[in-house]
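So the structure is just underneath, and the comments pick up after that.
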Amino acid sequence: MPELLEVEHVRRTLEPVLIGRRVARVVVRRADVVEGPRGAHDLLEGGVVRELRRKGKQLAIIAEDGRAICVHLGMTGQLRYEGDEQPREERNHVHIIWNLADARADGRMVFRDPRRFGGVWTFGSLDELEESRWSAIGPDALMIESAELQEALGASRRTIKSALLDQRALAGVGNIYADEALFEAGVRPARVCRRIRSEEWERIARAVRSVLERAIAAGGSSIRDYVDGLGDAGAFQFQHRVYGRGGESCLRCGKRLRSASIAQRTTTWCPRCQR
DNA sequence: AGGATAGCCTGCGGGC
DNA sequence: TGCCCGCAGGCTATCC
């Protein structure tokens with residue numbers, strides 16, 4: 001389940017193997033994962049990769065001539081580079097293949113997504129992408145300030161858990177890191193935003209940033225399908241303190257962690273450490 | 001406004 | 001061993 005930092009890690013691992021490479025041929029095996037014009041040209045065929053950019057959980061690949069694609073990994077999506085010598089692993093559910101070529105080597109990038117919650121969007125330019133798809137996404141969670149978080153959500157009647165998952169308010173937090181951040185901040189997920197005090201917003205913003213930073217250092221959370229751009233799994237799942245631990249004891253105080261559905265997401269928290 | 005619900009989709013693991 | 005079912009949650013749409 002890729003969240004912001006898994007996507008950032010994919011971006012960082014793909015960057016060195018993609019920048020400057022020519023997209024020789026694009027094979028679309030399942031056209032319905034593509035939104036917008038879905039010809040090979042729209043998917044960057046014939047172009048040279050100039051830049052990889054991320055906003056929230058979305059990743060854009062931009063060609064020298066301005067063409068851009070935006071990849072959303074959804075729940076189970078993978079964007080992976082395979083060198084020429086590498087064995088082709090897991091060919092099932094591979095929907096798009098970008099065959100790359102240049103003087104150095106051949107190789108390919110593949111988009112694989114068993115459950116197809118993810119997808120690829122095509123744009124004539126980065127401007128087009130930013131004006132349409134990316135204009136609705138809020139500030140990046142990695143650099144969120146408590147003032148902007150409070151400004152965006154302070155008057156809301158929703159629960160803090162549901163608000164943190166709203167990509168328009170804050171881009172990049174999913175279920176795992178929402179629970180982890182609220183544990184670190186000591187705030188119960190069912191708290192209503194408008195009743196959260198300034199010092200708590202401060203703690204929440206700081207916790208969101210620090211949870212994401214620690215997870216980046218660990219290479220992301222490998223649960224089921226997540227791998228980075230080179231196909232390697234992450235290790236942050238070994239540091240989860242509440243996510244997936246409902247019924248077990250709190251690592252801080254020993255009390256039994258509670259679990260319930262909040263905002264239609266399984267939510268876990270410590271009834272003693274979180275107020 | 002925002003909560004609840006359903007839908008999209010596959011793989012996995014628990015229970016029997 | 002094998003089948004059934006519930007669950008995992010990214011997001012969107014619709015209804016209340």
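We name chains A, B, ... by the order of the sequence lines, and we start the count at 1 in each one.
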How many Å lie between [atom1] on [X] and [atom2] on [N], as a whole number?
| X | N | atom1 | atom2 | result |
| --- | --- | --- | --- | --- |
| Asn175(A) | dA8(C) | CG | P | 9 Å |
| Tyr177(A) | dG9(C) | OH | P | 13 Å |
| Arg116(A) | dC8(B) | CZ | P | 12 Å |
| Leu73(A) | dC8(B) | CG | C1' | 17 Å |
| Gln78(A) | dT10(B) | CD | P | 15 Å |
| Asp113(A) | dC11(C) | CG | C1' | 12 Å |
| Arg115(A) | dC8(B) | CZ | P | 13 Å |
| Leu4(A) | dG10(C) | CG | C1' | 14 Å |

Toss me the dot-bracket line for DNA chain B: Watson-Crick and G-U wobble, both under 3.5 Å, 5' to 3', using | for pairs to another strand and [ ] for crossers. .|||||||.|||||||
Which sits closer to the 5' end of DNA chain B, Arg265(A) or Ser261(A), going by the nucleotide each is nearest to?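 Mapping each residue to its closest nucleotide by heavy atoms, the 5'-most match is Ser261(A).
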Should [X] and [Y] be counted in the same cluster of Ile, Leu, Val, Met, Phe, Trp and Tyr side chains packed under 4.5 Å apart?
| X | Y | value |
| --- | --- | --- |
| Leu4(A) | Ile144(A) | yes |
| Leu43(A) | Ile62(A) | no |
| Trp121(A) | Met109(A) | no |
| Val48(A) | Tyr81(A) | no |

Which parts of residues 154-170 of chain A get close to DNA chain B, meaning a heavy atom less than 4.0 angstrom away?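 By residue number: Ser156(A), Arg157(A), Arg158(A), Thr159(A), Ser162(A).
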Closest non-hydrogen atom pair between Arg53(A) and Glu130(A), with its separation: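 So the two residues come closest at NH1-OE2, 3.4 Å.
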Can Phe117(A) be called stacked on dC11(C) when the rule is centres closer than 5.5 Å and an angle between planes below 30°? no
Per-pair distances, 0.1 Å, donor-acceptor, side chain in residues 260-269 of chain A, under 3.5 Å, sequence neighbours excluded:
unit_1: Thr267(A); atom_1: OG1; unit_2: Lys161(A); atom_2: NZ; d: 2.9
unit_1: Thr267(A); atom_1: OG1; unit_2: Arg265(A); atom_2: O; d: 2.9
unit_1: Thr268(A); atom_1: OG1; unit_2: Ser259(A); atom_2: OG; d: 3.0

Considering the options Arg203(A), Arg209(A), Arg241(A), which one meets the salt bridge (Lys or Arg N to Asp or Glu O under 4.0 Å) requirement together with Glu184(A)? Arg241(A)
Contact under 4.0 Å: His93(A) side-chain N or O vs dG11(B) OP1/OP2: yes
Please check the phosphate of dA8(C) (OP1 and OP2 only) for any side-chain N or O of Thr266(A) closer than 4.0 Å. yes
Less than 4.5 Å apart, any side-chain heavy atom of His9(A) and any of Thr13(A)? yes
Are Asp102(A) and Arg22(A) within salt-bridge range, i.e. N to O under 4.0 Å? no
Sticking with atom P, work out how far dC3(C) lies from dC9(B), rounded to a whole angstrom. 24 Å
